[in-house]
Number of protein chains: 2
Amino acid sequence: MEVPLSSARPLRADARRNREALLAAAREAFLSGDTDSHVEEIARSAGVAVGTLYRHFETREALIEEVYRKEVDELCAAPAELLERHAPEEALRRFLLLLVEHAAVGKGMSVALESIMATASPVFETARTQMANALTQLLDAGVAAGVVRDGITGPTLLRALGGICGMRATEGWQGEARQITALLFDGLRYGTAS
Amino acid sequence: MEVPLSSARPLRADARRNREALLAAAREAFLSGDTDSHVEEIARSAGVAVGTLYRHFETREALIEEVYRKEVDELCAAPAELLERHAPEEALRRFLLLLVEHAAVGKGMSVALESIMATASPVFETARTQMANALTQLLDAGVAAGVVRDGITGPTLLRALGGICGMRATEGWQGEARQITALLFDGLRYGTAS
DNA sequence: ATCGTATCCGGAGTCGGATTCATTTTAGGT
DNA sequence: ACCTAAAATGAATCCGACTCCGGATACGAT
């Protein structure tokens with residue numbers, strides 16, 4: 001992501017700096033709840049003018065998407081690692097909880113997942129596939145080990161999780177998220193010799 | 001809802017007619033996918049001017065919310081009826097599926113549930129409580145009959161369902177919705193002498 | 001150190017869409 | 001038929017995303 005495609009010239013140093021600053025500022029703004037922060041504000045708090053923001057990002061949306069995409073990238077690294085360290089069942093359980101934790105940090109991740117789920121935007125297509133693959137990995141391992149029911153696909157589970165993460169609305173949602181996660185987890189194992 | 005509070009004067013006949021027409025037009029617009037239909041369009045297709053729309057609804061948002069609220073009202077009538085007709089377990093199962101069916105009709109219901117879940121808007125507070133109560137009813141009956149695990153509250157299940165309904169994005173989501181519903185259903189029964 | 005140029009600044013201006021309000025019309029009681 | 005409060009109208013206003021352009025500046029290749 002950071003490395004430019006072979007054909008493209010690398011960004012000039014100051015340009016890159018600004019781009020980074022913008023992403024940071026946007027992240028800041030979004031994660032701290034202000035989902036509808038104004039473009040001008042973001043630009044200002046990044047120390048640049050709006051024009052500069054638009055030099056780097058097609059639209060306000062594009063900026064938001066980029067922020068979310070980065071969040072998702074991070075999360076998608078987890079499954080492979082978890083599977084190395086733990087048995088399939090435990091890996092799955094941990095990943096589900098990890099999701100909740102991430103969502104807890106800020107609204108960022110939950111909004112990210114929600115957006116990824118709820119829009120058909122091709123921009124999110126990559127992220128969606130990425131997440132689905134990560135989940136498929138976990139599910140397959142679980143099925144192979146006989147601790148997870150067959151017939152649930154990565155994309156399906158992704159949808160269910162996307163829903164769960166969309167619940168950042170009220171106080172005390174975190175506990176509920178855990179409950180629902182447990183519910184899903186048990187649902188996945190239903191009919192299996194647990 | 002329809003009956004004015006004792007203190008308020010009843011709406012003039014034409015006013016009520018217009019209000020109704022606006023709600024109908026809005027419903028039409030939203031249910032047929034056009035979530036971002038313009039205020040002017042809605043007004044025009046209801047045969048009134050924008051000003052009239054604003055006489056009846058504080059903001060565009062308020063109109064949308066009203067439409068969704070009515071949808072939810074309908075759905076909330078179901079649990080009581082289902083419990084009369086079926087055993088708790090079956091009633092629960094049917095209600096979950098009913099949700100999917102409703103969402104299938106148009107995007108209306110799914111958007112409704114999603115919105116109700118995702119915003120902290122006090123306007124949805126009523127609807128949220130209403131739905132939660134409906135679910136609590138089902139869960140309690142299930143727990144009493146020993147077919148549902150204890151410890152899951154109405155609001156919690158509501159959140160999980162809200163998530164499920166938010167998945168109207170892609171083709172073939174309906175099948176997935178069923179899968180997830182089954183997942184949840186089984187999760188609810190986990191650890192029970194099914 | 002110097003030059004060519006990519007990038008930035010700043011903000012005025014466009015545009016689309018939601019919201020308002022002074023004016024006109026109408027329902028419905030007398 | 002007439003009167004008045006309620007309701008409707010729609011042009012005007014507001015707001016925020018997005019564009020554009022004429023300098024000013026910072027890079028980095030030489």
Side-chain angles (χ1 to χ4, degrees), chain A residues 2-30 33-68 111 115 119 121 123, chain B residues 2-30 33-68 111 115 119 121 123:
Chain A
E2 300 298 79
V3 185
L5 302 175
S6 49
S7 61
R9 194 174 323 182
L11 280 180
R12 218 173 71 178
D14 55 345
R16 160 151 312 196
R17 238 180 341 228
N18 282 336
R19 176 172 232 276
E20 225 84 315
L22 280 166
L23 281 172
R27 185 167 197 282
E28 190 66 27
F30 298 150
D34 206 357
T35 317
D36 37 58
S37 38
H38 299 182
V39 174
E40 307 258 6
E41 282 174 29
I42 295 174
R44 182 149 26 80
S45 81
V48 304
V50 272
T52 303
L53 187 154
Y54 281 97
R55 169 173 303 281
H56 289 286
F57 303 96
E58 205 65 28
T59 69
R60 183 194 131 97
E61 276 286 290
L63 172 57
I64 298 178
E65 286 167 358
E66 181 68 14
V67 171
Y68 289 170
V111 174
S115 302
T119 78
S121 163
V123 183
Chain B
E2 300 300 77
V3 184
L5 302 176
S6 47
S7 61
R9 198 172 321 187
L11 280 180
R12 220 171 69 177
D14 57 343
R16 159 148 315 195
R17 229 177 302 130
N18 283 337
R19 176 171 232 276
E20 225 85 312
L22 280 165
L23 281 171
R27 184 168 198 281
E28 190 66 27
F30 299 149
D34 204 358
T35 317
D36 38 58
S37 37
H38 301 178
V39 175
E40 305 259 7
E41 282 174 30
I42 295 175
R44 181 150 26 80
S45 82
V48 303
V50 275
T52 302
L53 188 155
Y54 280 97
R55 165 170 297 279
H56 290 287
F57 304 96
E58 204 64 30
T59 68
R60 180 194 134 97
E61 277 285 290
L63 172 56
I64 298 179
E65 287 167 356
E66 182 68 14
V67 171
Y68 289 170
V111 174
S115 302
T119 77
S121 163
V123 184

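Just so it is clear, the model here is predicted, and its values are computed rather than measured. Letters A, B, ... mirror the listed sequences (proteins, then strands); counts begin at 1.
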Q. Quick one: B:L63 CG to C:dT19 P, roughly how many Å, whole number?
A. 10 Å
Q: Take atom OH of B:Y54 and atom C1' of D:dT13, then tell me their distance rounded to the nearest Å.
A: 13 Å
Q. If you measure from CZ on B:R19 to CZ on B:R55, what distance do you get to the nearest 0.5 Å?
A. 12.5 Å
Q: Between B:E61 and B:A13, just flag the one whose closest nucleotide in DNA chain C comes earlier from the 5' side.
A: B:E61
Q. Counting side-chain heavy atoms from CB outward, which of C:dC9, C:dT20, D:dC18 is closest to A:E40?
A. D:dC18
(Q) Is A:H38 close enough to D:dC15 that one of its side-chain N or O atoms is under 4.0 Å from OP1 or OP2 there? (A) no
(Q) By nearest atom, which of the nucleotides D:dC18, C:dA18, C:dT20 is closest to the A:V39 side chain? (A) D:dC18
Q) In whole Å, what is the span from the CD atom of B:E58 to the P atom of C:dT19? A) 10 Å
Q.
Return the CD to CD distance between A:E66 and A:E58, rounded to the nearest 0.5 Å.
A. 12.5 Å
Q: State which residue, out of B:R12, B:R17, B:R16, fulfils the side-chain hydrogen bond (donor to acceptor under 3.5 Å, both in side chains) condition with B:D14.
A: B:R12
Q: Indicate whether OP1 or OP2 belonging to C:dA18 is found under 4.0 Å from a side-chain N or O atom of B:R60.
A: yes
(Q) Is A:N18 close enough to C:dT7 that one of its side-chain N or O atoms is under 4.0 Å from OP1 or OP2 there? (A) no
Q. The side chain of B:A49 lies closest to which of these nucleotides: D:dC18, D:dT9, C:dT19?
A. D:dT9
Q) Between B:L23 and B:L63, is a side chain to side chain contact (heavy atoms under 4.5 Å, CB included) present by the stated rule, with each step listed? A) CA-CA 7 Å; B:L23 281 171; B:L63 172 56; 3.9 Å; yes
**Q.** Any B:H56 side-chain nitrogen or oxygen under 4.0 Å from OP1 or OP2 of D:dA8
**A.** yes
Q | Separation of C:dA27 P from B:R19 CZ (nearest whole Å) | A | 19 Å
Q) With respect to the phosphate group of C:dG28, does any side-chain polar atom (N or O) of B:R12 fall under 4.0 Å of OP1 or OP2? A) no
Q. What's the CG-P distance between B:L53 and C:dG17, to the nearest Å?
A. 16 Å
Q: Check every strand shown and say whether B:V50 touches a base, only sugar-phosphate, or nothing at a heavy-atom separation below 4.0 Å.
A: base
Q. At under 4.0 Å, does any side-chain N or O of B:T52 touch on OP1 or OP2 of D:dA7?
A. no
Q: To the nearest Å, give me how far apart CZ (A:R44) and C1' (C:dC9) are.
A: 15 Å
Q: Specify the separation, in whole Å, of atom CZ of A:R55 and atom P of D:dC18.
A: 16 Å
Q.
Tell me the interatomic distance from B:L11, atom CG, to D:dA5, atom P, rounded to whole angstroms.
A. 18 Å
Q) Does a side-chain N or O from B:R16 land closer than 4.0 Å to OP1 or OP2 of D:dA7, or not? A) no
Q) What distance separates B:E28 CD from B:E41 CD, expressed to the nearest 0.5 Å? A) 13.0 Å
